[in-house]
Amino acid sequence: MYRYDQYDHALVQERVAQFRDQVRRWKAGELSDDEFRPLRLQNGLYIQRHAPMFRVAVPYGMLSSAQLRRLAKIARDYDKGYAHFTTRHNLQYNWIPVERVPDALAELAEVEMHAIQTSGNCIRNVTTDQFAGVAADEILDPRPLCELLRQWSTFHPEFAFLPRKFKIAVNGALEDRALTWFHDIGLHIRKNEAGEVGFRVIVGGGLGRTPIRGQVVREFLHWQDILTYNEAILRVYNRYGRRDNAYKARIKILVQALGVEKFAEQVEAEWAHLKGGPATLTQAEYDRVAAFFNPPAYVQLPAIDEGFVQAQAELPAFARWVERNVRPHRVPGYASVTLSLKKPGTAPGDVTDQQMERVADLADRYSFGEVRVTHEQNLVLADVRQDELQALWEDAKAVSLATPNIGLITDMICCPGGDFCDLANAKSIPIANAIQAKFEDLDYLYDIGDIELNISGCMNSCGHHHVGHIGVLGVDKGNEEWYQITLGGRQGNNALLGKVIGPSFPADEVAGVVEKLIQVYLENRHEEELFIDTLDRLGVEPFKTRIYGDRLKGKNAA
Amino acid sequence: MTRIIKNRAVVEDSWSVLRLAEGETADTIALPQGPVLVPLSVWTTRKSALLAASSPAAPVGVWLAAGEGPEGLVDDLARLPVIAVDFPKFTDGRGYSAARLLRERYNFQGEIRAIGDVLPDQLFLMARCGIDAFALRADKDADKALALFDTFKTPYQAAVDQPQPLFRRRAA
Ligand code: HEM
Ligand code: SF4
């Protein structure tokens with residue numbers, strides 16, 4: 001994992017001092033609320049329903065056990081003993097008073113963490129694949145390049161006041177696990193015919209109220225050119241992106257307005273001036289950073305551990321967990337484990353201080369002291385020995401982190417919604433819990449198999465509902481909380497937006513509607529066919545008919 | 001005379017800024033006596049008159065509105081002692097790109113002045129982009145603001161103040 005040197009340390013410490021002074025001046029009336037707002041947002045501070053929401057960056061999802069312990073300590077000392085992992089490698093606290101945030105930042109700085117640019121109209125935390133460095137289908141570990149992007153974007157002097165927020169995701173594997181098609185910039189690491197490493201550059205994706213899939217602006221960009229090329233993209237956006245309407249200010253709108261060819265031309269014209277300049281990355285710097293991500297000290301193990309195989313035969317519950325939560329590893333005898341933050345009845349993505357501390361212990365004991373955060377709001381121990389999986393499972397169970405549901409319908413993405421968020425149209429956590437309750441029976445749950453269900457409390461789409469196989473979106477209907485359902489969205493290489501199936505539903509009907517959708521699938525699926533494949537084969541009609549059978553005859557249509 | 005920040009010191013300054021009011025147009029507005037910063041549109045339509053009236057004691061400069069880039073001034077840079085970049089709102093970041101382009105692409109050597117909604121907390125970023133004079137919004141204290149230039153000692157990126165990014169200078 002990357003470790004700070006004196007420069008990195010100095011920068012986060014200076015950031016703490018800067019923000020402490022800004023809070024002081026705000027309290028003293030030297031900074032008005034309007035002047036303070038963008039400054040606090042760039043430190044991840046929103047003013048929310050109950051208190052400010054404070055968002056901490058987990059750059060490209062990597063956490064050390066020491067960092068996780070510190071996050072737990074902050075949850076306990078400054079908040080109410082819990083926090084929420086988001087879809088963009090961030091951790092959110094819900095109850096920290098503004099006045100205490102500088103101290104919390106100082107505690108973070110001690111463990112090489114910060115809240116820099118976790119909100120605001122600037123370049124946000126760079127995200128990537130949670131299996132970086134261990135995935136079998138990896139072309140190149142994206143994390144060194146993510147760290148280089150983190151440094152480049154941190155306090156970038158030209159791009160601190162963009163028209164709107166700017167999110168970058170990098171994927172280094174054959175399969176896209178970073179939702180790159182729906183970011184302002186999505187980067188795919190690839191190799192050209194000469195074997196050189198570079199990126200496919202995708203621009204103009206985004207979710208939100210105008211969801212748009214990104215478009216390829218360049219098929220191959222040499223990796224050393226990534227900073228200068230990004231500067232060209234950002235400069236075109238900073239100069240020409242719309243600023244008259246916040247809803248039309250994302251880069252996706254500019255790309256749509258110009259057309260991707262014209263946009264690419266402008267970027268290339270700008271880049272012609274920057275290419276080869278001092279911001280061109282050097283091999284020496286790449287090597288310096290990449291050395292932090294060298295594989296840990298794996299030991300030589302048999303590819304299949306006998307005890308592990310036997311334990312699965314003897315313990316069905318363990319076998320189940322292995323089936324859902326354990327992934328094969330590049331290195332013989334190792335596996336990657338996902339700890340589920342989706343125990344039915346809890347808020348998806350939420351963790352308590354104690355759980356964080358226990359995960360830190362588990363990381364130390366079983367996985368070289370490192371943890372990753374996934375965009376599906378779970379945690380990953382990436383490097384666990386097969387012969388220790390059973391012990392890990394027992395330990396994880398003891399802190400309710402071994403729910404065997406990864407990839408299943410109860411492993412849903414869900415934003416905080418109306419319980420915490422001021423922008424919400426509707427609550428999302430109770431809907432998640434109601435759906436989880438419908439699918440409590442494990443045999444039923446397993447029979448349904450892989451499916452992605454995503455819930456957002458409003459069209460800002462923090463819960464990625466557009467790209468869920470089933471999407472649930474909170475809408476406001478005459479001051480009541482209703483929910484619109486989309487079908488057919490997906491992440492991955494063929495990422496797509498879901499389509500709205502029809503009129504929305506009141507809260508108490510949503511779980512039942514989801515269950516009916518599942519029934520249509522179960523009744524119609526071919527052998528081994530997943531929900532999304534049945535849906536693609538049949539189209540949405542049979543699903544719609546089941547749901548709206550009565551309503552389409554005129555009843556309750558809205 | 002107003003007080004502005006120039007090269008990190010507070011100084012008295014006599015430049016005025018001509019802004020077109022509602023109904024006024026570039027070709028008819030009365031040209032004030034220098035030192036004056038005029039809008040780009042006034043400069044383009046009235047360049048010869050402005051140059052004829054200018055002198056070392058009464059110089060003329062141009063200010064760029066937020067949507068305006070330096071491209072239209074490329075041939076005039078040597079004649080302009082000051083180019084100002086206007087920030088209609090401090091959250092409008094277009095001026096940062098304009099300043100960097102003036103310095104890095106067009107090699108402008110004169111003064112670049114931030115005008116408009118210029119606030120202390122942005123001085124550090126503006127200075128990195130090559131802005132070296134700051135007409136702070138009238139209610140802000142220039143003397144107190146000076147300390148904010150040093151918010152971060154060694155930032156990562158290449159910019160006007162430090163053309164080599166940190167990664168090229170980082171001792172191994
Ligand atoms: C509770 C405080 C939060 C507020 C006020 C908030 C606000 C917003 C807003 C206004 C947008 C729309 C931006 C746009 O379309 O330009 C947005 C998008 C988004 N937010 Fe949040 N959010 C919050 C929490 C979260 C959480 C908890 C997550 C993750 C679970 C999250 C992840 C995202 C993502 C992934 C997007 C979509 C990005 C895109 O449009 O491309 N946010 N958020
Ligand atoms: S989707 Fe809406 S309700 Fe949910 S966190 Fe985002 S802004 Fe809040």
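So you know, we letter chains A, B, ... as the sequences are listed, proteins then strands, and number each from 1. Atom set for the values below is all heavy atoms of this structure, side chains included, hydrogens, waters and symmetry mates excluded. It should be emphasised that the depicted structure is a prediction, and the values quoted were computed from it without experimental measurement.
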Tell me whether the count of non-hydrogen atoms from other residues, nucleotides or ligands lying under 6.0 Å of [atom1] in [X] goes above 12.
X      : atom1 : answer
A:F292 : CZ    : yes
A:K248 : NZ    : no
B:R169 : CZ    : yes

In Å and rounded to the nearest 0.5 Å, what is the [atom1] to [atom2] distance from [X] to [Y]?
X      : Y      : atom1 : atom2 : value
B:C129 : A:F159 : SG    : CZ    : 8.5 Å
A:T280 : B:R168 : OG1   : CZ    : 6.0 Å
A:Q22  : B:L148 : CD    : CG    : 8.0 Å
B:L119 : A:L39  : CG    : CG    : 8.5 Å
A:E14  : B:D150 : CD    : CG    : 9.5 Å

Item to check | For B:D143, all residues meeting salt bridge (charged side-chain N to carboxylate O under 4.0 Å, His left out), sequence neighbours excluded | outcome: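 Per chain and number, B:D143 pairs via salt bridge (charged side-chain N to carboxylate O under 4.0 Å, His left out) with B:R3.
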What part of [X] gets closer than 4.5 Å to chain B, counting heavy atoms only: side chain, backbone, both or neither?
X      : result
A:A10  : neither
A:L281 : both
A:R239 : both
A:Q42  : neither
A:L11  : both
A:R15  : both

Item to check | Expected output: side-chain B:Q157 to main-chain A:P157 donor-acceptor under 3.5 Å | outcome: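 Answer holds: no.
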Checklist entry - Are B:K89 and A:D34 within salt-bridge range, i.e. N to O under 4.0 Å? => result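 The answer is no: the pair does not qualify as a salt bridge.
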Checklist entry - Any salt bridge between B:K144 and A:E30, counting N to O under 4.0 Å? => result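 Yes, charged N to carboxylate O under 4.0 Å.
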Item to check | Aromatic plane relationship, A:F161 with B:F90 - under 30° parallel, 30 to 60° tilted, over 60° perpendicular | outcome: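 The arrangement is perpendicular - the two ring planes meet at more than 60°.
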Checklist entry - Do A:D21 and B:T151 pass the side-chain contact (heavy atoms from CB on, under 4.5 Å) test, and can you show the C-alpha distance, the side-chain angles, and the key distance before you say yes or no? => result CA-CA 11 Å; A:D21 185 51; B:T151 304; over 6 Å; no
Item to check | Note, A:E35 side chain near B:R137 side chain (heavy atom, < 4.5 Å) | outcome: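 A:E35 vs B:R137: side chains touch.
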Checklist entry - If you check every heavy atom in residues 221-232 of chain A against those of chain B, which residues fall under 4.5 Å? => result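 Expected list: A:L227, A:E231.
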Next on the checklist: Can you list the residues of residues 143-155 of chain A that sit under 4.5 Å from chain B, counting heavy atoms only?
Outcome noted: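 Near chain B, by residue number: A:R150, A:Q151, A:W152, A:S153, A:T154, A:F155.
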Next on the checklist: Looking at chain A, which one of B:K140, B:E104, B:Q164 has the largest number of heavy-atom pairs inside 4.5 Å, strictly under?
Outcome noted: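 The candidate making the most pairs under 4.5 Å is B:K140.
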Checklist entry - Based on non-hydrogen pairs under 4.5 Å, which of B:S97, B:G69, B:A158, B:P165 is most in contact with chain A? => result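 Of the options given, most contacts go to B:S97.
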Which one, [options], leads in non-hydrogen pairs under 4.5 Å with chain B?
options                       : value
A:E285, A:H273, A:Q18, A:H156 : A:H273
A:N238, A:N121, A:D5          : A:N238
A:R37, A:R235, A:R243, A:R25  : A:R243

Checklist entry - If you check every heavy atom in residues 120-128 of chain B against those of chain A, which residues fall under 4.5 Å? => result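 Contacts with chain A: B:D121, B:Q122, B:L125, B:R128.
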Item to check | Atom of A:P278, atom of B:F167 and distance for their closest heavy-atom approach | outcome: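 For A:P278 versus B:F167, the nearest heavy atoms are O-CZ, 3.9 Å.
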Item to check | Proximity breakdown for B:D92 and chain A, heavy-atom pairs closer than 4.5 Å | outcome: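 For B:D92, backbone and side chain are both near chain A.
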Next on the checklist: Assess the residue pair A:E158 and B:R94 against the criterion (salt bridge (Lys or Arg N to Asp or Glu O under 4.0 Å)); give the C-alpha distance rounded to whole Å, side-chain angles, the decisive distance to 0.1 Å, and a yes or no.
Outcome noted: CA-CA 8 Å; A:E158 187 177 345; B:R94 288 176 281 188; over 6 Å; no
